[in-house]
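Only one structure is covered here, and it is reproduced in the block below.
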Amino acid sequence: MPEGHVIHRYALDHRDRLAGRVVRATSPQGRFGAGARRIDGRKLIDVDAHGKHLFYRFERAEALHVHLGLYGKFRSFDAKPPPPTPATRLTLLGGGNTIYLAGPSVCELVEPWAEQAILDRLGPDPLKSGTEGNTVEVFASNLARRRIPIGAAVLDQSVIAGVGNIFRSEALFVAGISPHTPANSLTDSEVAELWAVCVTMLEKGLAEGRIVTVARSRVRPGPRRNGAGLYVYQRDQQICRRCNGPVSREEMANRTLWWCGVCQPPG
DNA sequence: GGGTGATGCTGAG
DNA sequence: TCAGCCTCACCCC
């Protein structure tokens, strides 16, 4: 159940483990049998991430495109991996490393033009901030063309790629922006602040391997409870960490959104 | 051991 | 707008 920082972590991990190696691929579940046979025995050139999408480039084959969706999960093993479960969609082995993929919403081989089409419909990725196409200017121009609430716009992957439901609530809170503000009515400084907050949050998540947005928060390892380490996400029936006002919750863009009506006043 | 919600997205209507 | 996908971890017996 990953947001963009997790996808980029996977890209780094999988590149470390398998890039430059000849990879053995299987599909125990069978749904990707033909694709696995196609890449089996080929050298992995590189792994790229954009937003929540992963692309694995193989020598003399199409690229492998993976999107984890809500359920998808990777597991990596250095040595002596457990046998893959029957539901494992794809196994990748090389140089003593093993990677299992289960439950992805997309696992397919794509020609270069199809990969480009996927990238073309994605917005800028905060984890690539400053590179071509991944700038606050592109983000701003995407927002300027939309009248939907900003709380819906930041979940739209064609507006900004990699932000999911946790970062939506947390980034809008830290930026002090009401989720109900129309996307095209944000001021230049609000847009700049929101982009900067997303960059910082995703980079911290990438570095630490988990989402902690509250400054100097001590979060215990293991499963998260009651929005620990977060300002508003899933903090139902709790008070705002900043102003002690109530944390509000509602559905927006088919997902649950949390915010503080005091710290994020209507624009 | 069953029920359920979850960090997502697509496509039918 | 909303059902469907399809897996896992957590909660409550």
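Order of the sequence lines sets the chain letters (A, B, ...), proteins ahead of strands, with each chain counted from 1.
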Salt bridge (Lys or Arg N to Asp or Glu O under 4.0 Å) filter on A/D16, not counting sequence neighbours, yields none

Sugar-phosphate only, base, or nothing, as touched by A/E170 at under 4.0 Å among non-hydrogen atoms
nothing

Qualifying residues under ring pair (Phe, Tyr, Trp, His ring centres under 6.0 Å), relative to A/F173, sequence neighbours excluded
A/Y231

Contact list for residues 52-69 of chain A, test salt bridge (Lys or Arg N to Asp or Glu O under 4.0 Å), sequence neighbours left out:
A/R38-A/E62, A/D48-A/R57, A/R57-A/E115

To the nearest Å, give me how far apart CG (A/L70) and P (B/dG5) are.
13 Å

With rounding to whole Å, what would you report as the distance between B/dG5 and C/dA3 at their P atoms?
14 Å

May I have the distance from A/K73 (atom NZ) to B/dT7 (atom P), rounded to whole angstrom?
13 Å

For A/Y100 and A/F77, run ring pair (Phe, Tyr, Trp, His ring centres under 6.0 Å): C-alpha distance rounded to whole Å, both residues' side-chain angles, the deciding distance at 0.1 Å, then the answer.
CA-CA 9 Å; A/Y100 293 156; A/F77 305 92; 5.4 Å; yes

Calculate the interatomic distance between A/F74 atom CZ and C/dC6 atom P; express it in whole Å.
17 Å

Taking OH from A/Y71 and P from C/dT7, how many angstroms apart are they, rounded to a whole number?
10 Å

Table of protein N/O atoms under 3.5 Å from nucleotides 9-12 of chain B N/O atoms:
| residue | atom | partner | partner atom | Å |
| --- | --- | --- | --- | --- |
| B/dC9 | OP1 | A/H67 | NE2 | 3.2 |
| B/dC9 | OP2 | A/K52 | NZ | 3.3 |
| B/dT10 | OP1 | A/R121 | NH2 | 3.4 |

Parsed dot-bracket for DNA chain C after applying the Watson-Crick and G-U rules with both distances under 3.5 Å and | for other-strand partners is |||||.||||||.

Any salt bridge linking A/R9 with A/D13? Criterion: basic side-chain nitrogen under 4.0 Å from a carboxylate oxygen.
no

Scan residues 258-267 of chain A for pairs that pass side-chain hydrogen bond (donor to acceptor under 3.5 Å, both in side chains), counting only residues two or more places apart or in two chains.
A/D236-A/W258

A/A102, nearest nucleotide to its side chain (from B/dT7, C/dC5, C/dC8)
C/dC8

B/dT7 phosphate, OP1 or OP2: any side-chain N/O from A/R210 under 4.0 angstrom?
no

Hits for salt bridge (Lys or Arg N to Asp or Glu O under 4.0 Å) against A/R37, two or more places apart or cross-chain, chain-then-number order -> none

Remaining members of A/L155's ILVMFWY cluster at a side-chain heavy-atom cut-off under 4.5 Å?
none

Salt bridge (Lys or Arg N to Asp or Glu O under 4.0 Å): which pairs involve residues 130-158 of chain A, sequence neighbours left out?
A/R146-A/D156

Report yes if a side-chain nitrogen or oxygen of A/Q234 is closer than 4.0 Å to either non-bridging phosphate oxygen (OP1 or OP2) of B/dG5; otherwise report no.
no

Rounding to the closest angstrom, what is the interatomic distance between B/dA12 and C/dC6 at atom P?
15 Å

Using a cut-off of 4.0 Å on non-hydrogen atoms, how would the nucleic acid contact of A/R168 be classed: base, sugar-phosphate, or nothing?
nothing

Which distance, rounded to the nearest 0.5 Å, do you find between the NE2 of A/H65 and the CG of A/L119?
8.0 Å

Which whole-number value in Å describes the distance from A/L54 CG to B/dG8 C1'?
14 Å

Tell me the interatomic distance from A/K204, atom NZ, to B/dT7, atom P, rounded to whole angstroms.
20 Å

Distance check needed: B/dA6 C1' versus A/R249 CZ, whole Å only.
12 Å

Same-atom distance (P) from B/dT10 to C/dC8, integer angstrom:
22 Å

Rounded to whole Å, the OH-C1' distance (A/Y233 to B/dA6) equals 7 Å

